[in-house]
Amino acid sequence: MARRTLSRFVLAPAAAVAALIGFAAAPAQAAVWWSTDQWGNYTTSDGYTLYNNIWGSGAGAQTIWVNSSSNWGVWADHPNTGGIKSYPNAKKVVGKAITSMASLKSSYNVTVPSSGAYNTSYDIWDTDYDYEVMLWVNYNGAVGALGTSQGTVTLGGHTWNVYKGDNGANQVFSFLRTSDSTSGTVDVLPILKWIKDTKGWWGNETIGDVQFGYEITSSSGGLDFRTNSFSVSSS
């Protein structure tokens, strides 16, 4: 059923797709790129890659639209069932070892729905994809982190509840902000160093992808997720 639904949107006439983007609170005439494709992706002139990334089973329809790396959004209509359906995101590749970096920071400003089940999160990977660091800045509905609680820590300008787990393919370190935030700056490097130096959970990993987006479990009836600004900087 989900596959047929996706196909219907992929093959829809241009007018219908424009209407869908309009419904998604994105000005259809302004969006420089949009996609309903499961793995649709677009690279901006400043080196960010945007992904529709509908990867979970039982997913519904989803459209990503992009004006720039700091102005993009998603309309998603995923059923009210368990399991993550998608993680539409913007990605910046860093390609630097932890000890070689003097700084790694990111700023965000988002508008998210009051219903549905989702988290707004960073997903940070080493270049070998052995380790995954998730930073949840807000979350809603029946969602939770993988693994076991490791306590609470204040790092990078925020206070987080920390979880450590393994999904069978890689280790996952999740940091859930203790209060929801729709805008702010995260000083990422102290978090990576805490994992390495204080906890000893990994070595001097080379950081590859810094992703930011919306991990959506359910958004029945169609919900809008908007990124008003986003940036990643490293040195």
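Pairing each heavy atom of D46 with each of K92, the nearest pair is O-NZ, 2.9 Å. Heavy atoms only, all atoms of each residue included: A117 and A142 are closest at CB-N, 3.9 Å. The two residues S69 and F230 have their closest heavy-atom pair at O-CD2, 3.9 Å.
By the side-chain contact (heavy atoms from CB on, under 4.5 Å) test, N140 is found to be paired with Y118, residues two or more places apart in sequence or in another chain being considered. Looking at residues two or more places apart in sequence or on another chain, you find a ring-ring contact (aromatic ring centres under 6.0 Å, His included) between W201 and F173, W194.
Using a 4.5 Å cut-off on side-chain heavy atoms (C-beta onward), L223 and S218 make no contact. Side chains of K91 and V210 form no contact here, defined as non-hydrogen atoms less than 4.5 Å apart. A heavy-atom distance below 4.5 Å is not found between the side chains of W39 and I54. Taking 4.5 Å as the limit, every side-chain heavy atom of W136 sits out of range of all side-chain heavy atoms of F175. Taking the side chain as every heavy atom from C-beta outward, V162 and K164 never approach each other to under 4.5 Å. At least one side-chain heavy atom of L176 sits less than 4.5 Å from a side-chain heavy atom of Y163. Inter-residue side-chain proximity for L104 and I98 is flagged as unmet; no heavy-atom pair is nearer than 4.5 Å. When side chains are defined from C-beta on, Y42 does not count as touching I64, because their heavy atoms never get closer than 4.5 Å.
Both I195 and V94 belong to a single network of hydrophobic side chains, linked directly or stepwise wherever heavy atoms of I, L, V, M, F, W or Y lie under 4.5 Å apart. Hydrophobic clustering (ILVMFWY, side-chain heavy atoms < 4.5 Å, transitive): V143 and I216 are in distinct clusters. The hydrophobic clustering, which links ILVMFWY residues whose side-chain heavy atoms are closer than 4.5 Å, places V66 and F212 together. Following chains of ILVMFWY side-chain contacts shorter than 4.5 Å, one can reach W202 starting from L155, so the two form part of one hydrophobic cluster. W160 is connected to V110 through a chain of hydrophobic side-chain contacts under 4.5 Å among Ile, Leu, Val, Met, Phe, Trp and Tyr, so both are in one cluster.
With hydrogens and angles ignored, the 3.5 Å screen pairs no side-chain donor or acceptor of T227 with any backbone N or O of S229. Between the K85 side chain and the T217 main chain, a donor and an acceptor come within less than 3.5 Å of each other. The main-chain N or O of A76 is found under 3.5 Å from a side-chain atom of S219 such that the two form a donor-acceptor pair. In this structure, the side chain of Q38 does not engage the main chain of N53 through any donor-acceptor pair within 3.5 Å. Judged by distance alone, with hydrogens and angles left aside, the side-chain atoms of S107 form no donor-acceptor pair with the main-chain N or O of S231 at under 3.5 Å. The backbone N or O of A97 sits less than 3.5 Å from a side-chain atom of S100, completing a donor-acceptor pair. Side-chain N or O atoms of S68 include one that pairs as donor or acceptor with a backbone N or O of N71 at under 3.5 Å. Of the possible donor and acceptor atoms, none in the side chain of Y122 sits under 3.5 Å from a partner among the backbone N and O of V188. Side chain of D180 to backbone of Y139: a donor-acceptor contact under 3.5 angstrom is found. N89 contributes no side-chain N or O that, together with a main-chain N or O of Q211, makes up a donor-acceptor pair within less than 3.5 Å.
When each of T178, N161, T159 is paired with T152, the side-chain hydrogen bond (donor to acceptor under 3.5 Å, both in side chains) condition holds for N161 and for no other.
Inspection of the E215 and S121 side chains reveals no N or O donor paired with an N or O acceptor under 3.5 Å. In this structure, a donor-acceptor pair under 3.5 Å is present between the side chains of T111 and N228. Counting only N and O atoms by type, the side chains of T127 and T206 include no donor and acceptor under 3.5 Å apart. Donor-acceptor pairing under 3.5 Å is lacking for the side chains of S35 and N52. Side chain to side chain, T120 and Y108 fail the donor-acceptor criterion of an N or O pair below 3.5 Å. Side-chain atoms of N41 and T49 include no donor-acceptor pair closer than 3.5 Å.
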Would T44 and L50 count as a side chain to side chain contact (heavy atoms under 4.5 Å, CB included) here? Give the steps. CA-CA 8 Å; T44 64; L50 286 295; 3.7 Å; yes

Output, in order, the C-alpha distance, side-chain angles, deciding distance and verdict of side chain to side chain contact (heavy atoms under 4.5 Å, CB included) for I124 and E132. CA-CA 6 Å; I124 302 167; E132 178 181 10; over 6 Å; no

Could you go step by step and tell me if T63 and V74 meet the side chain to side chain contact (heavy atoms under 4.5 Å, CB included) rule? CA-CA 6 Å; T63 298; V74 170; over 6 Å; no

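If you take CG on L135 and NE2 on H158, they are separated by 9.0 Å, rounding to the nearest 0.5 Å. Atom CG of D123 and atom CG of D209 lie 8.5 Å apart (nearest 0.5 Å). Distance check: K193 NZ to N204 CG gives 10.0 Å after rounding to the nearest 0.5 Å. To the nearest 0.5 Å, atoms CG (N67) and CH2 (W33) are separated by 12.0 Å. Within the model, atoms CG of D187 and NZ of K105 stand 5.0 Å from one another, a figure rounded to the nearest 0.5 Å. Between the OH atom of Y131 and the CG atom of D166 there is a distance of 10.0 Å, given to the nearest 0.5 Å.
Aromatic ring centroids of Y214 and W72 lie under 6.0 Å apart.
Annotation: K196, atom NZ; neighbour count of heavy atoms from other residues, nucleotides and ligands within 6.0 Å is above 12.
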